[in-house]
Amino acid sequence: MKILDFDNRFVRELPGDPEASQHVRQVHGACYSRVMPTPVAAPRLIAWSPEVARLVGFDEADVRSPEFAQVFGGNALLPGMEPYAACYGGHQFGNWAGQLGDGRAITLGETVNPRGERWELQLKGAGPTPYSRRADGRAVLRSSIREFLCSEAMHHLGIPTTRALSIVATGEAVIRDMFYDGRPKAEPGAVVCRVAPSFIRFGNFEIFTARGDQDVLEKLVDFTIARDFPEITGGAAARRADWFHAVCERTARLVAHWMRVGFVHGVMNTDNMSILGLTIDYGPYGWIDNFDPGWTPNTTDAEGRRYRFGNQPQIAQWNLLQLANALFPAFGAVEPLQDGLSRYAAIYEAESRRMLAAKLGFEELREEDDGLVETLHELMTGAEVDMTILFRELSRVDIEAPALEPLREAFYAEDKLREHEAAFAEWLGRYAARVRAEGLPSDVRRSRMNAVNPLYVLRNYLAQEAIDAAEQGDESLVFELLEVMRRPYDEQPGRERFAARRPDWARNRAGCSMLSCSS
Ligand code: AMP
Ligand code: MG
């Protein structure tokens, strides 16, 4: 296997835990603890992403060498790797939860590729760390497949995300009580190697403020700006202010993208919010099939539905407010923090309007379009309309003679379609008039719309089919889905089934519409 260059700034420049053991503890005054992955019985490569391999500097021969599964299953290190688990806290479901930390994630090191890009390689499911609390540090195959596929699907949709290099089966069983109903079961275990320029979360800052440790807080702030935001320069106070503004802007763009494609993160706790504005920690996430702002895939959140689809923009802002509170001691002033939060609101508003305009094929969304959008959302919710199919097919509506025909595929229930048919037709008439006023040639409009309205998304039931097959030993569907999701905006002849609406069997099936945090 190729030798990679490692430059492990996180462990080199930040204070670490002097103790080197796995035992569970509160770690004070340190950003990380050094910890080795726990070896597994029989590491075997299940899937890998060619693009991410290339990013890191591997070619196919590297990935296929037996050593690869050893390293990315947690049994061996490459020269230059310095494994550690990060210390962070977080607000979970609205409440301060104290120290959380990398309970089952272990960073192997920061590699710098020949283009000078820094990529942190992190194993998820590699065994216990000081932050494992009462859990085992492991991950099951089903959640590993979900993380792997969705990371890559998001990237190809053009949405900021952590990436995934590989899934390695461990050959060991992991015990999980999937619905916390007292029916634990042995499941196959796996380790995913995630890749990102930085895995720093809002919670990495919160923990030091919660403990009154301003010294380490300031060190972490300055480190993050220097390593992860090198474009920000200037005097100390201005740099910090610009940095918080950048975090707010990135978060706003991220959430606008999620809303554009119908992605529901499922657990937007502050420990699952990336400082780089990346989608991070794929757990009980889901994709909107029938449009419903109130929907959440996460059964653990079924009661309050805090992290429902339509609430994500507000939650991101609330999370930024927690980050602002945590940063206050380092900033010593309220204005730059307040400015950032206002900027979040402004950028989110502008970005979501821009994306919505593009989805509808308009140059821009005007105030007088708000009624049109509102009615569409009401109709889509009331008539159980598939979000992805509707927006994709909207580009095929003949605006000279608008008819419901191309949209029929998007309806889940015949009776609901009949009930809303007249209202939909009326809406289409208004929509077509608006598009005609825009005066774009229809092929231009269509290709613009198709560039923002994906044909293929990682529908919950598709991921579940790949999981069911893989658990039976057939991993081919994982590869096929990865392949389909690489070009989500392009028609792919022969792969129409991957663009179809959710089948009836998947409506209320575990893994398809209901997911818990157990992973
Ligand atoms: P999550 O909500 O999945 O992001 O996890 C919240 C916290 O629980 C994080 O600190 C995780 O590292 C930790 N955690 C989740 N699952 C496990 C596990 N199986 N073993 C150890 N820690 C875990
Ligand atoms: Mg997490």
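The residues of the chain are indexed from 1 along the displayed sequence. In listed order, ligands and their atoms are each counted from 1.
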Handout entry: Candidate list Phe309, Trp258, Tyr282, Tyr307, test ring pair (Phe, Tyr, Trp, His ring centres under 6.0 Å), partner His265, passing option
Key = Trp258
Completion exercise
Within 4.0 Å of some non-hydrogen atom of Asp281, the atoms of ligand 1 are 4 (O)
Practice task
Report the part of Asp136 (side chain from C-beta onward, or backbone N, CA, C, O) that has a heavy atom under 4.0 Å from ligand 1; answer both or neither where that applies.
Solution key: both
Exercise for the section: Please find out if less than 6.0 Å separates the ring center of Trp243 from that of Phe205. Expected result: yes
Handout entry: Val267-ligand 1 polar pair, N/O distance under 3.5 Å
Key = no
Exercise for the section: Enumerate the atoms of ligand 1 whose separation from the nearest heavy atom of Gly101 is less than 4.0 angstrom. Expected result: 9 (C), 10 (O), 11 (C), 12 (O)
Practice task
Please could you name the atoms of ligand 1 that Arg176 approaches to less than 4.0 Å, counting only its heavy atoms?
Solution key: 19 (N)
Practice task
Would you mind checking if Arg240 and Glu218 are paired as a salt bridge, meaning a charged N to carboxylate O distance below 4.0 Å?
Solution key: yes
Handout entry: Quiz item: cation-pi between Arg146 and Tyr285, 6.0 Å / 45°
Key = yes
Handout entry: Glu231 atom CD, over 12 foreign heavy atoms within 6.0 Å
Key = yes
Practice task
Could you tell me whether the side chain of Arg104 and the main chain of Arg138 form a donor-acceptor pair under 3.5 Å?
Solution key: yes
Problem - Asn272 neighbourhood, listing ligand 1 atoms whose heavy-atom distance to it stays under 4.0 Å - result: 2 (O), 4 (O)
Practice task
Would you mind running through ligand 1 and noting each atom that sits below 4.0 Å from a heavy atom of Gly137?
Solution key: 18 (C), 19 (N), 20 (N), 21 (C)
Handout entry: Ion pair check, Glu110 and Arg12, cut-off under 4.0 Å
Key = no
Exercise for the section: Identify, for atom 5 (O) of ligand 1, the protein heavy atom at the shortest distance, and state residue, atom and that distance. Expected result: Asp271 OD2, 4.6 Å
Problem - For Arg118, the option from Asp228, Asp7, Asp5 that meets salt bridge (Lys or Arg N to Asp or Glu O under 4.0 Å) - result: Asp7
Exercise for the section: Tell me whether the guanidinium CZ or amine NZ of Arg163 lies under 6.0 angstrom from the six-membered ring centre of Trp119 and within 45° of its axis. Expected result: no
Exercise for the section: Indicate yes or no: does Arg486 engage Glu51 in a salt bridge with an N to O separation below 4.0 Å. Expected result: yes
Completion exercise
For Gln92, the ligand 1 atoms with a heavy-atom partner under 4.0 Å come out as 6 (C)
Problem - atom 18 (C) of ligand 1: nearest protein contact (heavy atom, Å) - result: Ala135 CB, 3.4 Å
Practice task
Could you tell me whether Arg133 atom CZ has more than 12 heavy atoms of other residues or ligands within 6.0 Å of it?
Solution key: yes
Problem - Among Asp271, Asp281, Asn269, the one residue meeting side-chain hydrogen bond (donor to acceptor under 3.5 Å, both in side chains) with Arg201 - result: Asp281
Exercise for the section: Count, excluding waters, the protein N, O or S atoms that are closer to the Mg ion (ligand 2) than 2.8 Å. Expected result: 2
Completion exercise
Heavy-atom proximity to atom 12 (O) of ligand 1 ranks first, among Gly203, Gly103, Ser518, for Gly103
Practice task
Could you check which of Arg138, Arg104, Arg133 puts a non-hydrogen atom nearest to atom 13 (C) of ligand 1?
Solution key: Arg133
